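Only one structure is covered here, and it is reproduced in the block below.
Computed from a predicted model, the values in this text were never measured in an experiment.
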Amino acid sequence: MKPNIVPKNGDMLPRARELRREMTPQERKLWFQFLRRLNVCVNRQKVIGYYIADFYCHSAQTVIELDGSQHFEVAGEAYDRQRDAYLRELGLMVLRYSNRDMAENFRGVCLDILKNLSMRAGYEVRVVK
């Protein structure tokens with residue numbers, strides 16, 4: 001089931017704007033060196049319900065998350081499970097990559113994103129700029 005409209009909580013927009021201005025080094029790298037150059041629209045810090053996704057591609061109904069060390073602690077893992085379940089209920093795919101993946105295998109992360117976005121969008125997603 002693919003939703004046409006992703007639920008949004010307007011109260012979260014100021015925080016999303018702040019996160020866009022203060023992206024982590026890994027988010028900056030993925031955005032400036034890869035995601036903004038794709039032939040699909042990818043949003044940064046997209047509000048979806050009561051959550052803010054690092055990146056969101058509407059045409060592929062996919063959320064892309066970059067996980068720092070806090071995501072591997074007990075509380076972080078529990079929060080991510082709850083969040084991912086909510087996003088999956090909306091029909092969204094959630095792709096998660098660790099900051100370590102970004103540092104050690106950036107090309108592999110990008111190729112995996114391309115493969116998954118293409119599969120979900122139903123056409124070839126590629127770098128165009």
Side-chain angles (χ1 to χ4, degrees):
M1 170 179 122
K2 288 190 177 185
N4 292 325
I5 298 173
V6 174
K8 182 175 7 180
N9 175 351
D11 294 339
M12 306 261 312
L13 289 175
R15 178 67 179 140
R17 287 186 191 110
E18 180 183 331
L19 289 171
R20 272 184 224 119
R21 285 189 305 272
E22 300 172 4
M23 288 192 297
T24 67
Q26 295 81 9
E27 289 170 343
R28 284 186 173 290
K29 181 176 183 176
L30 189 61
W31 175 249
F32 287 107
Q33 293 184 28
F34 181 66
L35 292 175
R36 76 178 191 155
R37 300 171 53 212
L38 297 180
N39 65 333
V40 293
C41 179
V42 177
N43 300 108
R44 297 178 292 155
Q45 308 303 334
K46 175 74 173 172
V47 176
I48 302 174
Y50 292 96
Y51 300 103
I52 300 174
D54 290 342
F55 301 99
Y56 172 68
C57 178
H58 177 76
S59 60
Q61 295 292 292
T62 300
V63 169
I64 301 166
E65 290 292 316
L66 300 182
D67 294 343
S69 60
Q70 72 277 12
H71 291 269
F72 300 102
E73 297 171 3
V74 174
E77 288 177 345
Y79 177 82
D80 287 343
R81 276 193 303 277
Q82 176 184 359
R83 184 175 191 264
D84 289 357
Y86 172 78
L87 296 171
R88 283 193 302 273
E89 285 176 16
L90 296 175
L92 304 177
M93 172 188 271
V94 180
L95 302 176
R96 289 191 168 276
Y97 304 96
S98 71
N99 287 346
R100 185 179 207 171
D101 294 334
M102 288 289 296
E104 295 177 359
N105 188 19
F106 182 69
R107 187 178 188 307
V109 167
C110 295
L111 290 173
D112 191 64
I113 291 170
L114 282 177
K115 176 188 77 165
N116 281 287
L117 292 182
S118 294
M119 178 185 65
R120 293 279 293 187
Y123 55 87
E124 182 185 8
V125 174
R126 55 190 166 76
V127 175
V128 293
K129 298 178 189 175

TODO: Evaluate side-chain contact (heavy atoms from CB on, under 4.5 Å) for F34 paired with V42, printing each intermediate quantity in order.
DONE: CA-CA 10 Å; F34 181 66; V42 177; over 6 Å; no

Side chain [X], main chain [Y], donor-acceptor under 3.5 Å:
X   : Y    : value
Q61 : H58  : yes
S98 : D67  : no
N39 : V128 : no

TODO: I would like to know whether R21 and E18 meet salt bridge (Lys or Arg N to Asp or Glu O under 4.0 Å); could you show each step before the answer?
DONE: CA-CA 5 Å; R21 285 189 305 272; E18 180 183 331; 5.2 Å; no

So which atom in [X] and which in [Y] form the shortest heavy-atom distance, rounded to 0.1 Å?
X   : Y   : answer
G49 : Y86 : CA-OH, 3.4 Å
E65 : A53 : OE2-CA, 3.2 Å
E27 : M23 : OE1-CA, 3.3 Å

Within-4.5 Å side-chain heavy-atom neighbours: [X] and [Y]:
X   : Y   : result
V63 : L95 : no
L92 : Y56 : yes
N99 : L66 : yes
D84 : R96 : yes

Supply the atom-to-atom distance [X] [atom1] to [Y] [atom2], rounded to the nearest 0.5 angstrom.
X    : Y    : atom1 : atom2 : answer
K29  : M102 : NZ    : CE    : 6.0 Å
F55  : Y97  : CZ    : OH    : 12.0 Å
K46  : I52  : NZ    : CD1   : 11.5 Å
Q45  : W31  : CD    : CH2   : 10.5 Å
N116 : L111 : CG    : CG    : 11.0 Å
I113 : S118 : CD1   : OG    : 11.5 Å

TODO: Show your reasoning for whether side-chain contact (heavy atoms from CB on, under 4.5 Å) applies to L114 and L38.
DONE: CA-CA 9 Å; L114 282 177; L38 297 180; 3.7 Å; yes

TODO: Flag yes if more than 12 heavy atoms outside R28 fall under 6.0 Å of its CZ atom; otherwise flag no.
DONE: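 More than 12 heavy atoms, drawn from other residues, nucleotides or ligands, come within 6.0 Å of this atom.
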
TODO: Could you please spell out the steps behind the salt bridge (Lys or Arg N to Asp or Glu O under 4.0 Å) verdict for D80 and R83?
DONE: CA-CA 5 Å; D80 287 343; R83 184 175 191 264; 5.3 Å; no

